[in-house]
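As the structure lists them, so they are numbered: ligands from 1, and atoms in each ligand from 1. Just so you know, these numbers use all the heavy atoms, side chains as well, and skip hydrogens, waters and symmetry mates.
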Amino acid sequence: MTEAVAKGESTLLCEARDKFVAAFGCEPTAASAAPGRVNLIGEHVDYCEGFVLPVALPFLTIVVGAYNNTDECRILSILANGQEVEASFPASSVAALTPGEPAWANYVKGVVANFPSKVRGFDAVVVSDVPMGSGVSSSASLEVAFFTFLEALTGNRVDPVEKAQLCQKAEHEFPGMPCGIMDQFIVTLAKKDHALLIDCRSLVSTQIPVESEDAVILVVNSNVKHQLTGSEYPQRRAQCQEAAKKLKIPSLRSADVEDLEELKLQNCDALVQKRAKHVVEEIARTEEVAQLLPQKEFDVVGQLFYKSHESLSKLMEVSCPELDQLVDIMRSSPGVYGARMTGGGFGGCVIALMKKEYVNVVKENVISQYKGHPIFFVCRPSDGARILQLA
Ligand code: GLA
């Protein structure tokens, strides 16, 4: 299989509901959906309060469930390969929740623990077609889908920005991944046919129309799995904080080219200087792309994509040979304006901004040259999280 096809909301909802009825013997009363995402540009800058420009994907995580009149939360999750995994933990109405085993359930537990009101025991089924470990935010999709399910179940609706922040907090506290705000924010606030320019300092966001007949975003999954909870991501974050501390500023968002000179003068660690340079330049690139994309300045945007990748590979050092190879293949393919890795890195996906009519040619190029097993999809910017009606 070289093509990833989204199953769609109604198919996934039916699957989830059937599973729920079979597993728990009654109908679910609440349901929700939340998408995965790719980031167009603004990589490894959200935790420095920079600008990011992600879009939501048509791949979804769906949660259905109902109160079970016990003090237990019981979750059944159906993985993409059909395997079923289960977890249970005490309801937050009777106990303070703590992280534990199985590891996957921490994403759910963290959300229950951070939901603004105590939740009674419930049963739930999760189904998802968001590719896991591919840098398209299957974890934020699960968190936000679950939070939205709790909103439907309890009737307690939460402001979307606050919701994104609570899901980010859940990810920090339970799986222990010190992520930025980008993933939870886009998964919550995305709008069809738009990218979202998020100011990660003020948390003000602007919808940027990206619909075009001429250009598409082709996503290529390298099929190399990353593990972001490893030490690399927290290290990058710490190095950026160190740079900001040396410059006596709250975050690298406030830094400019002169500050980079200042770091040099201070004889600051060479790696810290490289990370800071990436962040300062990537934030500027992101603002530029947000302006140029609606004007259909695809050639310039494409060059900024290549520069972003180069910087992520050489300065931030979060790429890998497979992602670099995919970008090189794109560079020598016809009809491609630009390409870059997307997401946390160390595997996952590459995106290419390209002319629609060349998609098949480019895919063939990748299949014949890439040393791994690529999976493709054309990115259709989709809606963010929502409560679903169970008819
Ligand atoms: C992961 C994190 C995000 C962001 C990206 C890199 O996806 O969850 O917060 O930092 O990496 O841009």
Side-chain angles (χ1 to χ4, degrees), residues 34-57 59 106-107 110-111 130-144 161 164-190 195-201 203 205 219 221-222 224-241 251-253 275 278-283 285-286 289 305 308-309 311-313 315-320 323 340-351:
R37 66 100 187 90
V38 290
N39 187 19
L40 298 187
I41 195 160
E43 216 67 83
H44 280 271
V45 299
D46 59 348
Y47 51 76
C48 301
E49 301 191 312
F51 284 101
V52 295
L53 189 65
V55 301
L57 297 172
F59 301 102
N106 286 326
Y107 292 94
V111 167
V130 182
M132 278 171 70
S134 306
V136 296
S137 256
S138 58
S139 39
S141 177
L142 175 58
E143 289 152 9
V144 174
V161 173
Q165 288 176 297
L166 288 169
C167 288
Q168 180 197 23
K169 186 163 168 274
E171 183 152 343
H172 287 188
E173 291 174 357
F174 279 71
M177 156 72 178
C179 60
I181 189 71
M182 170 170 73
D183 302 345
Q184 292 79 8
F185 202 103
I186 182 66
V187 166
T188 305
L189 284 109
L196 192 60
L197 179 67
I198 308 168
D199 177 338
C200 298
R201 178 163 63 187
L203 298 186
S205 60
V219 185
N221 186 346
S222 68
V224 181
K225 304 272 180 221
H226 63 187
Q227 184 46 274
L228 274 184
T229 31
S231 57
E232 298 287 352
Y233 186 93
Q235 248 177 37
R236 297 302 180 282
R237 196 177 169 140
Q239 287 162 335
C240 292
Q241 270 161 354
S251 72
L252 283 178
R253 166 67 179 278
R275 310 307 190 226
H278 165 77
V279 171
V280 168
E281 293 174 353
E282 180 79 353
I283 292 173
R285 279 189 288 267
T286 307
V289 168
F305 274 24
S308 168
H309 184 80
S311 178
L312 288 158
S313 182
L315 298 178
M316 210 56 175
E317 296 175 284
V318 294
S319 185
C320 63
L323 294 175
R340 55 180 293 278
M341 56 156 273
T342 183
F346 308 106
C349 295
V350 158
I351 55 167

So, taking the atom named OG1 in Thr286 and the one named CG in Leu197, what distance separates them when rounded to the nearest 0.5 Å? 8.0 Å

Calculate, to the nearest 0.5 Å, the distance between atoms CG and CZ belonging to Asp183 and Arg37 respectively. 4.0 Å

May I ask you to check whether [X] has an N/O atom sitting below 3.5 Å from an N/O atom of ligand 1?
X      : result
Gly180 : yes
Asp46  : yes
His44  : yes

Quick check on contacts: which atoms of ligand 1 are under 4.0 angstrom from a heavy atom of [X]?
X      : answer
Tyr47  : 10 (O)
Tyr233 : 1 (C), 2 (C), 3 (C), 4 (C), 9 (O), 10 (O), 11 (O)
Met182 : 4 (C), 5 (C), 12 (O)
Arg37  : 7 (O)

Answer yes or no: is there a donor N or O on one side and an acceptor on the other, between the side chain of Arg237 and the main chain of Cys179, under 3.5 Å? yes

Please answer whether the main-chain N or O of Ala34 pairs with a side-chain N or O of Ser141 as donor and acceptor at a distance below 3.5 Å. yes

Ion pair Arg236/Glu317, N-O distance below 4.0 Å: no

Angle between ring planes, Tyr233 versus His44, binned at 30° and 60°: parallel, tilted or perpendicular? tilted

Sort out for me which residue in Glu43, Arg285, His278, Glu282 forms a side chain to side chain donor-acceptor pair (under 3.5 Å) with Ser308. Glu282

Quick one: which of Gln168, Glu171, Met177, Glu43 has a heavy atom closest to atom 6 (C) of ligand 1? Glu43

Any non-hydrogen atom of Met316 lying under 4.0 Å from ligand 1? no

